Amino acid sequence: MVEKTVFKKIIDGELPADVVYQDELCLAIRDINPQAPVHVLVIPRKEIPALRDATEEDRELLGHLLLVANQVAQQHKLSDYRVVINCGVEAGQTVWHLHVHVIGGRVMEWPPG
Ligand code: AMP
């Protein structure tokens, strides 16, 4: 049997998390290792390992995740913020369950490292 990812364990209630938003399609939790004053992860309940695995069937879900990302930013009074999806090892992905980073509360630099 394949080991559940940390996010699947959180979704299944097997690991604690600081949940800031949830609905039937996704949940948003505070990142355990925040890179800015606000660092929230929007995680679909559906298990999609990485963005490259998403299909046409996921069109609405992906749009929903972005709208929730903005909702979370507004909840934290952020007008400016960064949304990041790391896809693959070379992009820095470490958890194989699609997630959207919402990062804000400080000035950001570009390009990212
Ligand atoms: P990525 O590198 O894009 O795959 O992002 C994974 C993120 O998950 C990292 O920013 C981690 O700090 C975060 N993370 C890992 N485990 C947990 C956890 N148990 N609760 C909250 N965030 C986590």
Side-chain angles (χ1 to χ4, degrees):
M1 206 178 84
V2 181
E3 168 90 29
K4 283 186 186 182
T5 67
V6 66
F7 294 161
K8 179 60 176 159
K9 287 181 185 169
I10 289 170
I11 289 164
D12 290 347
E14 295 166 9
L15 267 185
D18 187 353
V19 178
V20 298
Y21 173 86
Q22 59 180 317
D23 63 25
E24 70 285 4
L25 293 178
C26 69
L27 71 169
I29 65 169
R30 289 194 199 284
D31 196 294
I32 206 168
N33 182 22
Q35 301 302 310
V38 177
H39 189 166
V40 171
L41 304 170
V42 182
I43 305 170
R45 294 185 188 278
K46 180 177 177 182
E47 287 183 280
I48 301 170
L51 185 59
R52 62 190 173 210
D53 301 308
T55 67
E56 188 58 37
E57 181 184 288
D58 302 311
R59 177 179 291 271
E60 266 189 49
L61 174 61
L62 295 176
H64 183 72
L65 297 179
L66 287 185
L67 290 175
V68 170
N70 180 57
Q71 192 172 319
V72 165
Q74 300 315 311
Q75 193 179 324
H76 290 82
K77 313 270 185 249
L78 297 176
S79 61
D80 298 359
Y81 58 89
R82 185 170 287 175
V83 170
V84 172
I85 299 175
N86 295 323
C87 180
V89 171
E90 289 190 10
Q93 186 174 2
T94 58
V95 179
W96 302 98
H97 183 127
L98 174 65
H99 51 284
V100 177
H101 296 256
V102 181
I103 306 166
R106 66 166 170 84
V107 175
M108 311 258 176
E109 291 177 7
W110 193 264

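Whatever order the structure lists them in is the order used to number ligands and atoms, beginning at 1. Quick caveat, the model's predicted, so the values are computed rather than measured.
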ring-ring contact (aromatic ring centres under 6.0 Å, His included) partners of H101, counting only residues at least two apart
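Once residues adjacent in sequence are excluded, the partners of H101 under the ring-ring contact (aromatic ring centres under 6.0 Å, His included) criterion are H39, H99.
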Which ligand 1 atoms are under 4.0 Å away from a heavy-atom of N33?
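Once the distances to N33 are compared, the set is 12 (O).
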With atoms numbered from 1 as shown, which atoms in ligand 1 lie under 4.0 angstrom from a non-hydrogen atom of R30?
21 (C)
Under 4.0 Å, counting heavy atoms only: does A17 come that close to any atom of ligand 1?
no
Same cluster or not: Y81 versus Y21, using hydrophobic residues (I, L, V, M, F, W, Y) connected whenever any side-chain heavy atoms lie under 4.5 Å apart?
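Same hydrophobic cluster.
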Measure W96 to ligand 1 on non-hydrogen atoms and call it side chain, backbone, both or neither using the 4.0 Å cut-off.
neither
Heavy-atom contacts under 4.0 Å between L15 and ligand 1: side chain, backbone, both, or neither?
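L15 to ligand 1: no contact under 4.0 Å from either part.
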Side chain to side chain donor-acceptor pair (under 3.5 Å) for Q35 and D31? Distances and angles first, verdict last.
CA-CA 8 Å; Q35 301 302 310; D31 196 294; 5.9 Å; no
Any N/O of [X] closer than 3.5 Å to an N/O of ligand 1?
{"X": "H101", "result": "yes"}
{"X": "V6", "result": "no"}
{"X": "H99", "result": "yes"}
{"X": "V95", "result": "yes"}
{"X": "I32", "result": "yes"}

Separation between CD1 (I10) and CD1 (I29), nearest 0.5 Å, reads 4.0 Å
Is the CD atom of E57 crowded by more than 12 outside heavy atoms at less than 6.0 Å?
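Not more than 12 within 6.0 Å, no.
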Pair E24 + R45, salt bridge at N-O below 4.0 Å
no
Look at K8 together with E3 and state whether they make a salt bridge at an N to O cut-off of under 4.0 Å.
no
In the protein, what heavy atom is nearest to atom 2 (O) of ligand 1, and what distance, to one decimal place, separates them?
G92 O, 2.8 Å
